[in-house]
Amino acid sequence: MLKDYNVKNNVTDPKMKWLYRFLFAVICLFLIYMVVKVPLSTYIEDDYVKPLLITGSYQNDIEGDWIPFDDYDQIYTRGSQLVIKGHVNEDIPYGKDIMLYLYRLDVRILINGTEVYHSGQTDITRWGSLISPGLSDKDEITIVMDQISHKAYEGSYKIILDNLCYGTKYQLQHQQVRKNILTMSIATLIMVMGIGLLVTMVALMFLKVPAMEGYLVCGLMMIIGSLCSFIDYKYITLIFEHAFIVNIVDYMCQMTMCLLMMIYMRVFIRTKLYLKLTNYIITIWSCMILLYCYLRAFTDVKETQISGFFVSIVLILFGLELRFLLKDYFSYKEYRTKQVLISGLILTGCIIVEIIHFYLVNIYWTFVLEAGLTVFSLVQLKVIISYSKDSIKQAARTRDLEAQLVQSQIAVMLSQIKPHFLYNALGTIRALCLKDVKVARSAIEHFSRYLRANMDSLGKNYNIPFSDELVHVENYLYIEKLRFGDDLNIEYDIQTKDFTCPTLTLQMIVENAVKHGVCKKKGQGTVSIQTSEEMNFYRICVKDDGAGFDINAYMDDQKSHVGIENTRMRIKTMCNGSLTVESEIGVGTRVSILIPKGGNNESDRS
């Protein structure tokens, strides 16, 4: 028996809980404030990263007119080329790094007509730099920017100009990290939650507590998603100089995250057809990832040339799987599934928004993905905490019931081999030996199978195929049919056998239908056995048109119905199913068993 423990004194006062949460939030905000708002005066003035401002004129395309400008905001960009010519507003000492953020443009820099820098034609976003030869306002500097592909983002010109600066790479790196500290903090939080989720799942598995399906994939998805948030080219290419590798890792993380999201959503799809189609979707996207790896590793295809194709494929696949998921949700409507589904839909929507935005303007918002990941991660933590508590309680209850289960199985076995049944069965066989030896031999064969099945059930603490249970019942009914003859009719409507159930489940109910139903009725009686497959469970129904009984009296005196209550407990414990009894005096009795799909619906011999 389970014990109720009084833990009231150990529970923290709700007011204190809110106080702890408030203090935690204040500490977090203070740390963020200290990191972001540290005065710049703490750094040496010569190491400042300063914007490189040029005053002069610009030209769109080769044959365009030269238009004067005093500020970069006055530059109107159009066409496939932008040329800026002018003078720096302040001197740049010799040895300083002149840095520019290359965003899908081929950039050349000329000083006094001599080319001193050329980025090359690459569509990989990164920082480029050159060492200042010592510039003054008398030197003429020319910057030529050419679009690499026809799908180049026109805002790329402004991105380069807005990030044109000079100083040292170290200080630029520090500056960019400071600017993105909030993004990095959120990404770190998501990664910590993902790792915590994985550790929790592994711990539950180690403790042999049933872990919620799909949460290992969920934890991996949160970790990969945090990596996607971490990869901001404005600071990551300052830390890792191999921009091509960073670019490959970035896109592989994005594609892998989409794959993990598809796999995770599959967990909540139960309809066989939708599951099959979802498996095809996952397979297709896995092939797309392999195709992407091949194209980037062994061909000269650029990312901008294939991004549209892959974006179109992933949007179509996500749309199909979301359609399947929503249809399944409206069929089941489970509360925990609803929480996961809504958060998953929010994250999926954020991913789609990021993909579409990147496809249109070749730049990510990032904060949309982070917002979706944060919501998703918090909801998953809430769900996993709730599930872990329930699992631990269930595990404790299971341990308490294990000892009872062994005794219950013995009681079930003994209840099946009742002396009066043995006497009646042997008496029937004895009479047949004098009348029909062939039928008597068949009766002995069925009776021996019946006894063997009862004895074998003693050591079985796992679910067995329903077809085996049905054979056992048929052996029992064969003998009863010999006893009662035409007074006992048996009807079968078996639409499915493809599931499992606890041993002796059906036999107990059928014996009650014969003994307490048909036998107490005058004249002929019928026992019918039906099975069917519903949307999310299997149904077993045993009906008789016998004497029936008062269901209210049955509920008040369940101690006299040990067999049926024992069967109900085993169905609940071993396959998370249910047993209901309906009866009416003079009409008959109906017993229904519901066995959920995917519950404990496979033979477990552990």
Can you tell me how far [atom2] of [Y] sits from [atom1] of [X], rounded to the nearest 0.5 angstrom?
{"X": "L260", "Y": "I224", "atom1": "CG", "atom2": "CD1", "answer": "6.5 Å"}
{"X": "I223", "Y": "I195", "atom1": "CD1", "atom2": "CD1", "answer": "5.0 Å"}
{"X": "D97", "Y": "T168", "atom1": "CG", "atom2": "OG1", "answer": "7.0 Å"}
{"X": "Q530", "Y": "S592", "atom1": "CD", "atom2": "OG", "answer": "9.0 Å"}
{"X": "M288", "Y": "C258", "atom1": "CE", "atom2": "SG", "answer": "13.5 Å"}
{"X": "I236", "Y": "Q173", "atom1": "CD1", "atom2": "CD", "answer": "9.5 Å"}

Can you name the nearest heavy-atom pair linking [X] to [Y], along with the distance?
{"X": "I593", "Y": "I595", "result": "CG2-CG1, 3.9 Å"}
{"X": "L102", "Y": "S119", "result": "CD1-CB, 3.6 Å"}
{"X": "Y117", "Y": "S129", "result": "CE1-O, 3.6 Å"}
{"X": "D498", "Y": "Y538", "result": "O-OH, 3.4 Å"}
{"X": "G167", "Y": "M99", "result": "N-CE, 3.6 Å"}
{"X": "P596", "Y": "F537", "result": "CA-CB, 3.9 Å"}

Any sub-3.5 Å donor-acceptor pair from [X]'s side-chain atoms to [Y]'s backbone N or O?
{"X": "T531", "Y": "T496", "value": "yes"}
{"X": "N279", "Y": "L275", "value": "yes"}
{"X": "W285", "Y": "I313", "value": "no"}
{"X": "N60", "Y": "Y76", "value": "yes"}
{"X": "D250", "Y": "V246", "value": "no"}
{"X": "Y274", "Y": "R323", "value": "no"}

- Evaluate the side chain to side chain contact (heavy atoms under 4.5 Å, CB included) criterion for residues M262 and L317: first the C-alpha distance (whole Å), next the side-chain angles of each, then the deciding distance (0.1 Å), finally the verdict. CA-CA 9 Å; M262 293 176 183; L317 296 180; 3.8 Å; yes
- Task: Under the side chain to side chain contact (heavy atoms under 4.5 Å, CB included) rule, what do I571 and T505 come out as? Steps first, then yes or no, please.
- Result: CA-CA 8 Å; I571 291 173; T505 299; 3.5 Å; yes
For a 4.5 angstrom cut-off between non-hydrogen side-chain atoms, does [X] reach [Y]?
{"X": "L82", "Y": "Q147", "answer": "no"}
{"X": "D106", "Y": "M145", "answer": "no"}
{"X": "L594", "Y": "L579", "answer": "no"}
{"X": "L105", "Y": "Y157", "answer": "yes"}
{"X": "T278", "Y": "L320", "answer": "no"}
{"X": "I160", "Y": "S156", "answer": "no"}
{"X": "I98", "Y": "L52", "answer": "yes"}
{"X": "K234", "Y": "N163", "answer": "yes"}

- Query: Are S532 and E534 linked by a side-chain donor-acceptor pair shorter than 3.5 Å?
  - Reply: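 Yes, side-chain donor-acceptor contact under 3.5 Å.
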- Between N247 and R126, is any side-chain donor less than 3.5 angstrom from a side-chain acceptor?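 On atom types as modelled, these side chains do not qualify, holding no pair under 3.5 Å.
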- Message: Could you go through L164 and Y101, starting from their C-alpha distance and side-chain angles, then the distance that decides it, and tell me whether this counts as side chain to side chain contact (heavy atoms under 4.5 Å, CB included)?
- Response: CA-CA 7 Å; L164 192 60; Y101 187 58; over 6 Å; no
- Message: Around atom CG of L326, are there more than 12 heavy atoms from other residues, nucleotides or ligands closer than 6.0 Å?
- Response: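 For L326, atom CG is crowded (more than 12 foreign heavy atoms under 6.0 Å).
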- Carefully, step by step, assess E469 and K497 under the rule salt bridge (Lys or Arg N to Asp or Glu O under 4.0 Å). CA-CA 10 Å; E469 179 72 5; K497 299 180 183 179; over 6 Å; no
- Message: Less than 6.0 angstrom from the centroid, inside 45 degrees of the normal: does K597 satisfy that with respect to the ring of F499?
- Response: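 No cation-pi geometry.
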- Message: Apply side chain to side chain contact (heavy atoms under 4.5 Å, CB included) to residues F324 and M265 and explain how you reach the verdict.
- Response: CA-CA 10 Å; F324 301 153; M265 289 194 298; over 6 Å; no
- Message: Applying ring pair (Phe, Tyr, Trp, His ring centres under 6.0 Å) as the test, list every pair that has at least one member in residues 222-249; sequence neighbours left out.
- Response: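 Not a single pair qualifies under ring pair (Phe, Tyr, Trp, His ring centres under 6.0 Å).
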